[in-house]
Amino acid sequence: MFLYKIEIELEDATGHLILLAETDEKAFAEVEGQLERHYVKKPVLKSAAIVEKKRTSAGSGYFIPHQPL
């Protein structure tokens, strides 16, 4: 299993999705489902790209700093 950091570009926003999956293909297959769970109305997905991929182990995680406006 791998922990993925996926950069998401929507029609009106950008963000990062962190998820656990067995393969790159399965990670991409989960993207739309995760967005559907987060939003009331499913947003338009423009692009999704894997930014980082880590093997899972105790303590695996990502730090995502806030960007200044």
Side-chain angles (χ1 to χ4, degrees):
M1 295 286 267
F2 294 95
L3 191 59
Y4 289 88
K5 179 179 177 185
I6 301 176
E7 188 173 79
I8 303 292
E9 183 182 359
L10 303 174
E11 199 169 52
D12 59 351
T14 60
H16 289 94
L17 172 64
I18 310 302
L19 64 88
L20 187 65
E22 293 176 355
T23 65
D24 295 0
E25 293 80 15
K26 289 182 179 181
F28 280 120
E30 285 293 323
V31 169
E32 288 197 29
Q34 291 292 327
L35 291 174
E36 286 176 0
R37 287 184 209 117
H38 183 75
Y39 289 94
V40 174
K41 180 183 175 197
K42 183 180 168 187
V44 175
L45 177 63
K46 292 177 80 177
S47 68
I50 295 172
V51 178
E52 289 186 56
K53 175 181 173 180
K54 295 181 181 181
R55 282 202 184 276
T56 55
S57 61
S60 292
Y62 287 101
F63 170 69
I64 302 174
H66 290 274
Q67 301 297 321
L69 298 175

| task | Sorted by first residue and then second, give each salt bridge (Lys or Arg N to Asp or Glu O under 4.0 Å) pair with at least one member in residues 42-53; sequence neighbours left out. | result | K5-E52, E9-K46, D24-K53, E32-K42, E36-K42

| field | Pairwise distance OG(S60) to CZ(R55) - rounded to 0.5 angstrom | value | 11.0 Å

| said: I'd like to check the side-chain contact (heavy atoms from CB on, under 4.5 Å) partners of E11; sequence neighbours left out, ordered by chain and number. | reply: V44

| side chain to side chain contact (heavy atoms under 4.5 Å, CB included) between L10 and Y39: does it pass, once the steps are laid out? | CA-CA 12 Å; L10 303 174; Y39 289 94; 3.4 Å; yes

| Closest heavy-atom contact between I8 and V31? | CD1-CG1, 3.6 Å

| task | Group every Ile, Leu, Val, Met, Phe, Trp and Tyr by side-chain heavy-atom contacts under 4.5 Å, then state whether I50 and L45 land in the same group. | result | yes

| So do K54 and Y62 actually touch side chain to side chain, heavy atoms under 4.5 Å? | yes

Would you tabulate the side-chain donor-acceptor contacts of residues 12-23 under 3.5 Å, counting partners in other chains and residues two or more places apart, or write 'none'?
residue : atom : partner : partner atom : Å
E22     : OE1  : K26     : NZ           : 2.8
T23     : OG1  : E25     : OE1          : 3.4
T23     : OG1  : K26     : N            : 3.1

| OG-CG distance between S57 and L3, expressed to the nearest 0.5 angstrom | 9.5 Å

